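Before any comments, here is the structure.
On a predicted model such as this, the values are computed, not experimentally measured, just so you know. Start at 1 and go down the list; that is how both ligands and their atoms are numbered.
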Amino acid sequence: TDRYQVVGNPIAQSKSPWIHAAFAAQTGEAIHYDRHRPEPEGFAAHAAVFFEQGRGMNVTAPYKLDAYAFAHQLTERARLAGAVNTLKKLPDGSLLGDNTDGYGLVSDITDNLGWPVAGQSLLILGAGGAVRGVLGPLLEAAPASLTIANRTLSKAEDLAQLFAHKGRIDCLPFEALNCPYDLVINATSAGLNGEMPALPDGFIGEQTRVYDMTYGAEPTPFLRWAEGQGARIRADGLGMLVGQAAEAFFVWRGVRPDVRPVLSALRAELK
Ligand code: ATR
């Protein structure tokens, strides 16, 4: 059976083995998919051994830059993202580095949730690796405007420059946010530590659709805050997780799984 694996640290809580087992059952593709936590600094050594047999790897924090460096070739979207979350062994034995995170986000927002992006005013909170990973596909979805707000403004400005050839990005410090946006995406890592960014009132309205790239059994701190700001339409990032996995499955197997039943089952599993 073809072997696949997700690699990260921590890895015990990863849903990826569950998701890919569900895709395999649904599509009839026979795969073996497990999880691994390498020794600190040990990504490359582990990957070299794994790919003696293995066909593909998902890579999560903190190894996406290691995977980028380890790949022999990169897709355009991985190069733009500056990170690799999917490695695929090609017929000649070389390793292709890809990034399916942005695809996962945009497909969740537009296909699963049915929220428009084209022609909408879009605000992203955060300017770290998670944001860089999704900016390409978001700009390709043709929002009317795209603004990045970050605690450290210079990091937002660096991203705007990096993506200038794909579209205009405005940058603001959190304090300067003062008018409601159509779509607000939280991509800060604050929630992972149970923290909330220090955000002002006034940039979320009743009509604003609010998305948090993190997820959990309970609403995230950011989504609870947004609810308090009056946002009625809210979603967490579980669908992004399943969407990036589905795209990786497609990259490896050439077969597109149906995301929705797997997402519903995973949501039930989280509770
Ligand atoms: P990731 O891969 O999750 O993007 P990262 O590259 O370390 O991780 O980026 C973390 C992002 O979350 C940054 O935008 C960071 O803001 P700074 O650039 O100002 O550091 C943001 N972030 C993390 N904790 C935060 C907090 N408590 N308040 C506001 N922003 C926070």
Side-chain angles (χ1 to χ4, degrees), residues 6-11 13-16 37 40 43 58-69 77-86 97-106 108 122-139 146-163 169-178 181 184-204 210-216 220-226 228-229 236-241 243-245 248:
V6 61
V7 173
N9 186 7
I11 202 63
Q13 83 307 334
S14 172
K15 307 294 179 207
S16 291
R37 186 189 63 185
F43 176 83
N58 280 140
V59 183
T60 187
Y63 295 117
K64 290 183 187 184
L65 299 181
D66 297 81
Y68 185 95
R77 62 188 178 180
R79 200 181 301 281
L80 260 180
V84 160
N85 80 331
T86 302
D98 198 355
N99 191 308
T100 65
D101 288 328
Y103 178 96
L105 173 68
V106 173
D108 188 39
L122 169 51
L123 171 66
I124 300 177
L125 304 171
V131 174
R132 182 170 173 188
V134 300
L135 278 178
L138 280 174
L139 284 166
L146 197 162
T147 303
I148 299 181
N150 195 45
R151 181 174 60 184
T152 311
L153 186 62
S154 61
K155 285 169 67 180
E157 289 165 345
D158 290 347
L159 286 179
Q161 200 159 29
L162 195 61
F163 283 84
I169 298 177
D170 300 310
C171 300
L172 293 174
F174 289 147
E175 319 80 83
L177 292 169
N178 60 9
Y181 291 80
V184 174
I185 299 174
N186 176 40
T188 69
S189 59
L192 300 176
N193 319 313
E195 295 167 28
M196 254 295 291
L199 298 169
D201 294 333
F203 70 90
I204 287 178
V210 179
Y211 192 96
D212 193 342
M213 280 171 50
T214 60
Y215 65 86
T220 65
F222 175 74
L223 290 178
R224 273 186 275 125
W225 176 83
Q229 294 282 312
D236 74 6
L238 196 68
M240 175 182 176
L241 176 73
Q244 64 76 31

Which of the atoms of ligand 1 are close to [X], meaning less than 4.0 Å from one of its heavy atoms?
X    : answer
G126 : 14 (O)
P197 : 28 (N), 29 (C)
T152 : 17 (P), 18 (O), 19 (O), 20 (O)
K155 : 17 (P), 18 (O), 20 (O)

Any protein heavy atom sitting closer than 4.0 Å to atom 24 (N) of ligand 1?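 Given the 4.0 Å limit, the answer for atom 24 (N) of ligand 1 is yes, a protein heavy atom qualifies.
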Out of G128, G191, A190, whose heavy atom sits nearest atom 5 (P) of ligand 1?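 It is G128 whose heavy atom sits nearest to atom 5 (P) of ligand 1.
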What protein heavy atom lies closest to [atom]? Include the residue and the distance to one decimal.
atom                    : result
atom 6 (O) of ligand 1  : G129 N, 2.9 Å
atom 27 (N) of ligand 1 : E195 OE1, 2.7 Å
atom 3 (O) of ligand 1  : S189 CB, 3.7 Å
atom 20 (O) of ligand 1 : R151 NH2, 3.0 Å
atom 14 (O) of ligand 1 : N150 OD1, 2.7 Å

Does any N or O of ligand 1 fall below 3.5 Å from an N or O anywhere on [X], backbone included?
X    : value
A130 : yes
T188 : no
A198 : no

